[in-house]
Amino acid sequence: MTHHDAIVCGAGVIGLSLALELRKRGLRVLILERAAPGGESSHAAAGMLACCAQEAPESHPHRALHALAEASYRMYPGFVRAVETASGMKVDLRREGTLQLLDAAEPLPSSESSRVLAPGELARLEPRIAGEYRAVLLNEATLDPRALCVALERAARHDNIDLATGSPVTSLRFEAGKLTGVRTDRAEYAAPIVVNCCGAWSAELESVDLESSDGTTASTHLPTRPMKGQMLSVVGAVPVVRHTICAHNVYLVPRTDGRLLIGATVEDVGFDKRVVPEAIQRLHQAAADLIPDIGEMKIHEAWAGLRPATPDDLPILGPTSIPGYFVATGHFRDGILLAPITARVMADLITGAPPAFDLAPFSPDRFAK
Ligand SMILES: Cc1cc2nc3c(=O)[nH]c(=O)nc-3n(C[C@H](O)[C@H](O)[C@H](O)COP(=O)(O)OP(=O)(O)OC[C@H]3O[C@@H](n4cnc5c(N)ncnc54)[C@H](O)[C@@H]3O)c2cc1C
């Protein structure tokens, strides 16, 4: 049996980022991934680092998420630089900003990092948009999450993080009432710390038998559930937009390689990753209504992924009632954005350093009450 200081279950953007941060702090880390690293929700994401959402009122729990998102956004340039250097590859970080198009009745968002466009300015910035809109330019960025996950995996290997793929973690191991590691259907792995980063599948890992060898049972309850998102990408001879564009029923994310991503549905339909042609057609049409040239562009790819959702739309970050067992999941629509800060605060908790944020609003305990 192999021995490590920490086992990270799940090699999505969250598990990979956390593993790297734990390694940086000197821990021997093992990542266990049942399939291909970065192959689930992180592969499906558009890669918007959308940190400028309307701020929630004081005392609202989403206020805490907003602060976490802003902190993560600020970490991104350094995070990308470190990952690109360690991996020797680029992740297409683009900082042109997001143009949010507003319906007549919609209030103007108020934020230090946004600017209301003057009349005629939208047409100058993005001349192919059809129709008149009020618009706000948000100081946001995008990157390619698929490239990011490949780069994170390469950086992990470069940093001597062990990675075992191909079989799911099926249960936690206990000896004399203490957590001692995990089992997959092929092997056992020993470590005093285990972190559940299994995304939309986190609750499945939770529902395994947590009975210890001395007969006592420990349980935690993770109410994560999958929230399906379908998207497509199109390609054409010339780029049709430079900025990310967000309208009320569709968003467009340009990549430097010429692809344009069009997203996305949000569907509460269980563990169903089928691509439905009608849903893809609706998104393509909504994009073409906004920018007629898109109607002429070839569909390059269509796909679906499962966002890890929670009942209150907040991530679940922290220790559980089982000593040594931690959770970092439930990042819903913002897991790419929140990866750097999640890695930092979770590594703080795990290594006993005071976390830079009050993590109470994200505690796994909130669902036990
Ligand atoms: C269409 C779409 C668009 C999105 N756009 C954005 C965006 O623009 N910006 C943004 O910030 N976020 C976006 N998201 C959300 C983002 O993708 C997720 O929040 C993020 O990827 C979650 O990362 P994760 O590592 O928790 O989960 P995942 O990437 O799903 O990784 C979980 C991993 O755990 C593995 N696993 C599961 N069970 C086990 C087990 N028992 N044993 C071992 N391994 C296991 C899985 O195979 C998987 O690799 C989008 C999501 C979708 C679907």
Side-chain angles (χ1 to χ4, degrees), residues 7-19 30-51 53 69 72-73 76 98 140-146 148-149 152-153 163-172 182-186 189 194-208 224 226-233 244 246 251-253 261-267 271 273 275 279 283 302-310 313 315-317 327-343 346:
I7 294 173
V8 173
C9 307
V13 72
I14 298 298
L16 289 166
S17 305
L18 174 57
L30 168 67
I31 308 175
L32 294 174
E33 164 58 51
R34 59 169 193 187
E40 290 290 352
S41 191
S42 303
H43 186 80
M48 292 180 288
L49 306 180
C51 59
S72 207
Y73 186 78
Y76 243 103
T98 297
E140 293 180 344
T142 63
L143 53 70
D144 181 344
R146 296 179 185 181
L148 176 65
C149 285
L152 286 167
E153 184 191 342
L163 173 61
T165 60
S167 50
V169 175
T170 52
S171 61
L172 305 180
V182 301
R183 286 189 194 88
T184 67
D185 46 16
R186 285 204 215 133
Y189 299 91
V194 175
V195 195
N196 181 341
C197 299
C198 291
W201 296 267
S202 300
E204 282 183 6
L205 182 52
E206 281 293 285
S207 65
V208 295
T224 48
M227 198 61 78
K228 178 178 178 179
Q230 300 188 59
M231 294 193 65
L232 69 150
S233 61
T244 296
C246 286
Y251 61 75
L252 312 175
V253 181
L261 275 67
I262 302 173
T265 66
V266 183
E267 304 165 69
F271 288 95
K273 284 204 310 181
V275 174
L283 286 168
W303 66 92
L306 301 176
R307 306 174 183 93
T310 62
D313 294 344
I316 310 176
L317 307 173
V327 182
T329 187
H331 292 79
F332 193 31
R333 301 188 78 165
D334 295 315
I336 308 299
L337 168 63
L338 293 171
I341 194 73
T342 298
M346 289 301 300

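The structure presented is a predicted model; accordingly, all values stated were derived computationally and were not measured. Just so you know, residue 1 is the first one in the sequence shown, and it goes up from there. Counting starts at 1 for both ligands and their atoms, in listed order.
Under 4.0 Å from ligand 1, the heavy atoms of Cys197 that appear belong solely to its backbone. At a heavy-atom distance under 4.0 Å, only backbone atoms of Leu32 (N, CA, C or O) approach ligand 1. Residue contacts with ligand 1, taken as heavy atom pairs separated by less than 4.0 Å, involve Met231 solely via side-chain atoms from C-beta onward. Contacts between Ser41 and ligand 1 below 4.0 angstrom, taking non-hydrogen atoms only, involve backbone and side chain alike. Residue Trp303 does not touch ligand 1, judged by heavy-atom distances below 4.0 Å.
Of all atoms in ligand 1, listed by their number and element, those nearer than 4.0 Å to a heavy atom of Tyr251 are 3 (C). Under a 4.0 Å criterion applied to the non-hydrogen atoms of Gly10, ligand 1 contributes the atoms 33 (C), 34 (O), 35 (C), 44 (N). Those atoms of ligand 1 with a heavy atom of Leu337 less than 4.0 angstrom away are 11 (O). Short contacts between ligand 1 and Asp334, defined as distances under 4.0 Å to a heavy atom of the residue, involve ligand atoms 10 (C), 11 (O), 12 (N). The contact set between ligand 1 and Glu40, taken as ligand atoms under 4.0 Å from a residue heavy atom, comprises 30 (O), 46 (C), 47 (O), 48 (C), 49 (O). Listed by number with element, the atoms of ligand 1 under 4.0 Å from a non-hydrogen atom of His331 are 19 (O).
At under 3.5 Å, a nitrogen or oxygen of Phe332, whether backbone or side chain, sits near a nitrogen or oxygen of ligand 1. Taking any N or O of Trp201, backbone or side chain, none lies under 3.5 Å from an N or O belonging to ligand 1. Note: an N/O pair closer than 3.5 Å links Ile336 and ligand 1 by distance alone. Ligand 1 has an N or O atom lying under 3.5 Å from an N or O atom of Val13, backbone or side chain. For ligand 1, none of its N or O atoms has an N or O atom of Gly229 under 3.5 Å away. Every N/O-N/O distance between Ala264 and ligand 1 stays at or above 3.5 Å. For ligand 1, the polar-atom distance check finds no N/O of Pro168 at less than 3.5 Å from any of the ligand's N/O atoms.
For atom 5 (N) of ligand 1, the closest non-hydrogen atom on the protein side is Ala46 N, 3.1 Å. Annotation: atom 4 (C) of ligand 1 to nearest protein heavy atom, Ala45 CA, 3.4 Å. Taking atom 23 (O) of ligand 1 as the reference point, the nearest protein heavy-atom neighbour is Ser42 OG, 3.5 Å. Of the protein's non-hydrogen atoms, Arg307 CG, 3.4 Å is the one closest to atom 51 (C) of ligand 1. In terms of protein heavy-atom proximity, atom 22 (C) of ligand 1 is closest to Pro308 CG, 3.9 Å. For atom 35 (C) of ligand 1, the nearest non-hydrogen atom of the protein is Glu33 OE1, 3.2 Å. Annotation: atom 44 (N) of ligand 1 to nearest protein heavy atom, Arg34 N, 3.2 Å. In terms of protein heavy-atom proximity, atom 27 (O) of ligand 1 is nearest to Gly199 CA, 3.7 Å.
Figure legend: cation-pi geometry between Arg146 and Trp303, with NZ or CZ positioned under 6.0 Å from the six-membered ring centre and within 45° of its axis.
For Ala304, the side chain to side chain contact (heavy atoms under 4.5 Å, CB included) criterion is met by Lys228, Gln230, Val275, not counting sequence neighbours. For Tyr76, the ring pair (Phe, Tyr, Trp, His ring centres under 6.0 Å) partners two or more places apart in sequence, or in a different chain, are Phe79.
Considering each of Thr342, Ile14, Leu306, the one bringing a non-hydrogen atom nearest atom 24 (P) of ligand 1 is Ile14. Of the listed residues (Met48, Arg333, Met227), the one carrying the non-hydrogen atom nearest atom 8 (O) of ligand 1 is Met48.
Residue contacts with ligand 1: Gly47 is included, with a non-hydrogen atom under 4.0 Å away.
Residues Ile7 and Leu32 form a side-chain contact, since some pair of their non-hydrogen atoms from C-beta on lies under 4.5 Å apart.
The residue from Thr170, Leu172, Val169 that alone fulfils the side chain to side chain contact (heavy atoms under 4.5 Å, CB included) condition with Arg183 is Thr170.
Closest heavy-atom contact between Thr329 and Pro308: OG1-CB, 4.3 Å. The heavy-atom pair separating Arg186 from Thr165 by the smallest distance is NH1-O, 4.4 Å.
The closest donor-acceptor contact from the side chain of Ser72 to the backbone of Ile341 lies under 3.5 Å.
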